[in-house]
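Scroll down for the structure; my scribbles are underneath it.
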2 protein chains.
Amino acid sequence: MVKKIMNDPKDIVDEMLEGFVFAHKELQWFKEYRTVAVKERKEKVGLVALGGSGHEPAHAGYIGEGMLDAVAVGNLFASPSPDQILKAIEAANRGKGVLVILKNYSGDLMNFSIAKELAEEENIRVESVVVKDDVAVQDSTYSTGRRGIAGTVFVHKIAGARAAEGAELEEVKVTAQKAIDHIRSIGISLGTCILPGLKKPGFYIGENEIELGMGIHGEPGIRKMELKSANELAETMVDRILEDLDYRKQEVAVLINGLGGTPQMELYVLTASLKKVFAREEIAAYRVMVGNYMTSLEMAGCSVSLMELDEEFKRLLDKPCMTPALRIQ
Amino acid sequence: MVKKIMNDPKDIVDEMLEGFVFAHKELQWFKEYRTVAVKERKEKVGLVALGGSGHEPAHAGYIGEGMLDAVAVGNLFASPSPDQILKAIEAANRGKGVLVILKNYSGDLMNFSIAKELAEEENIRVESVVVKDDVAVQDSTYSTGRRGIAGTVFVHKIAGARAAEGAELEEVKVTAQKAIDHIRSIGISLGTCILPGLKKPGFYIGENEIELGMGIHGEPGIRKMELKSANELAETMVDRILEDLDYRKQEVAVLINGLGGTPQMELYVLTASLKKVFAREEIAAYRVMVGNYMTSLEMAGCSVSLMELDEEFKRLLDKPCMTPALRIQ
């Protein structure tokens, strides 16, 4: 079924952003650059994210107090251009430098590196960190090394809180990198998604099959497997994460992220299953977030992200933020 | 495709609620009653909602400061029992009486009327209002008279703010009823949904077809029609609402509600289309909310709700609330 609420598919990103800033009047939109930014300019280190569209609410949904300052929005599942990224950097800059939070996709990194040069010609200090939280595969269709997926939301929150409390550019970067080092994610996909304007999906998942570790653009994961119970899925996902980083006997933040087409009911059932696995592994859940935080259009499935917490991370995680997609007070 | 993240389908509601209270530690769960409530007890009029599950985040997602105090959760698309509703009333009662916000479904109303009698035997004052915002059809599969759908979220917000500022039971009821009188909604469905445990949907929508006015349990709407552009859909939906209540030249709150399977991208495209229709009809959007507020499992589609605003409603709408699914500060 290819039924979508849209007009001309070529206008879908612009129209989405028009609707987005109509609903979120506290944000502004640089239309020709497809760049969204805060209106109110505070003197602090600026925070920028970028990425293709189709992952809403990521990333423009995380613009606001205590999180990001500007986001460059690419075409569907495609990197924004260097001039878009430059515009976001300019919009986020308050004279204290800008940290760009990248997910590890080759296109994002390449276009960012050009934008960084251009920004530095304008005497804007630019630093970056690269999120690669997905433990599924080492290299992938669009990445050399691990992919960045929903764990990125934790990086936005932690770095955003650090910038909001007045830290300098280098300090915000160090904290963001520390967050990245403590975050791991894994996804499962139950169904496919179709890019607006196309007639069929770019990949398939069988009738009673799921794919463990599929990327948020439908990139291949670890393996296809039979759909199992929520309890078994939770075990499989946590086991794969623990093979990579040992969260046992640690306090963690947990993100159970829907990919777009999976109802909240199922995400909360998986949450209950994770609770059992955490009890067995002596993992203490300090904060649990459940919802559609970084999606793949209407794809059915979810990802689980864990972040190990120390006192600094708990303090930063608990600091207020007020954005369209995440509000903590 | 019947692929769901679940264990035994008969446990899905209990497991969902277990996950829900694990994620939202500020809430408590009366397990044997499938009733969720605030932990902190403030002296104020209590607010209760009830309904079948499968509509998450409705209604338990609206429990918290400035909105509801307790929710009775029924089986999938089924009314909670009188003893569940009684438990929610007891949990919400602080000695100032309890207002129960009902949606107009026969089962909900019948079970509530029994619960109300039982509560009054315990000397709890109980009042109720009935939301019937859906302009699609006069009578329906599960209702005599109009159905209550996503506009209910506005009633929770307005009544919640009124109760939070210390109004008495009768005053909260009057304000809630005034809200109901000023809210109208209409939905469109693009795809079906399958109840966990079943093998196929209870209703069908054709390949290139949508249903205008379908209910949130798949009840028949006004008519099946060809899928049109977002601009045309926005016009059709607003026109149908305006036939019923004239919002022209008024200030309104707008809720663009996803039914579960529709990506945010499409909801925001529809938002941009609505912006155009509002401009033409001189409707001023004071607040615009976009997201999955009252769903039908993984159904694709959305609803649009309008609430006419006066100064009292603007004040109450802007008051802070802090719940899992709606946060305003």
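Chain naming here is simple, since letters A, B, ... match the order of the sequence lines and numbering starts at 1 in each.
Most heavy-atom pairs under 4.5 Å with chain B, from the set A/Ser53, A/Gly261, A/Ala230, A/Gly260: that is A/Ala230. Note on B/Glu266, B/Lys4, B/Gln264, B/Met322: by heavy-atom pairs under 4.5 Å with chain A, the leading option is B/Glu266. Contacts with chain B were tallied for A/Ile12, A/Ile188, A/Asn292, A/Leu270; A/Ile12 has the most, counting heavy-atom pairs under 4.5 Å. Contact count against chain B (heavy-atom pairs under 4.5 Å) is highest for A/Met16 among A/Arg287, A/Glu15, A/Met16. Comparing B/Ala285, B/Gly301, B/Pro263, B/Gly258 by heavy-atom pairs within less than 4.5 Å of chain A, the highest count is held by B/Pro263.
Between A/Phe20 and B/Tyr268, the ring-plane angle classifies as perpendicular under the 30° and 60° cut-offs.
Interface remark: A/Ser296 contributes no atoms to any contact with chain B (heavy atom separation under 4.5 Å). Interface remark: A/Leu227 contributes side-chain atoms only to the contact with chain B (heavy atom separation under 4.5 Å). In this structure, chain B has no heavy atom under 4.5 Å from any part of A/His55. Contacts of B/Leu259 with chain A are absent, with no heavy-atom separation under 4.5 Å from either backbone or side chain. Neither the backbone nor the side chain of A/Ala234 comes within less than 4.5 Å of any heavy atom in chain B. Only the side chain of A/Phe278 comes within less than 4.5 Å of a heavy atom of chain B; its backbone N, CA, C and O stay farther away. Proximity to chain A is absent for every atom of B/Ala325, based on heavy atoms less than 4.5 angstrom apart. In this structure, the portions of A/Pro57 lying under 4.5 Å from any heavy atom of chain B include both its backbone and its side chain. Neither the backbone nor the side chain of A/Leu326 comes within less than 4.5 Å of any heavy atom of chain B. Both the backbone and the side chain of A/Leu297 come within contact range of chain B, judged by heavy atoms closer than 4.5 Å.
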For this session: Run the numbers on A/Val290 and B/His24 for side chain to side chain contact (heavy atoms under 4.5 Å, CB included), then give the verdict.
Result: CA-CA 9 Å; A/Val290 183; B/His24 305 292; 5.5 Å; no
*asked:* side chain to side chain contact (heavy atoms under 4.5 Å, CB included), that's the test. Do B/Glu18 and A/Lys275 meet it? Break it down for me.
replied: CA-CA 9 Å; B/Glu18 185 179 357; A/Lys275 180 184 164 188; 3.2 Å; yes
Evaluate side chain to side chain contact (heavy atoms under 4.5 Å, CB included) for B/Thr295 paired with A/Met265, printing each intermediate quantity in order. CA-CA 10 Å; B/Thr295 62; A/Met265 172 172 273; over 6 Å; no
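Taking CZ of B/Arg327 as the start and CZ of A/Arg327 as the end, the distance is 10.0 Å to the nearest 0.5 Å. Taking CD1 of B/Ile328 as the start and CD of A/Gln329 as the end, the distance is 11.0 Å to the nearest 0.5 Å. Separating the CE atom in A/Met6 from the OG atom in B/Ser273 is a distance of 12.0 Å, to the nearest 0.5 Å. Here the straight-line distance linking atom OG1 of A/Thr262 with atom CD1 of B/Ile5 works out to 4.5 Å at 0.5 Å rounding.
Of all non-hydrogen atoms in B/Asn231 and A/Asn7, the two that sit nearest each other are N-OD1, 2.9 Å.
Around the CD atom of B/Glu226, the shell of radius 6.0 Å holds no more than 12 heavy atoms that belong to other residues, nucleotides or ligands. Atom NZ of B/Lys39 is surrounded by more than 12 heavy atoms from other residues, nucleotides or ligands within 6.0 Å. More than 12 heavy-atom neighbours from other residues, nucleotides or ligands sit within 6.0 angstrom of NZ on A/Lys25.
A donor-acceptor pair under 3.5 Å links the side-chain atoms of A/Lys3 to the main chain of B/Glu209, judged by distance alone.
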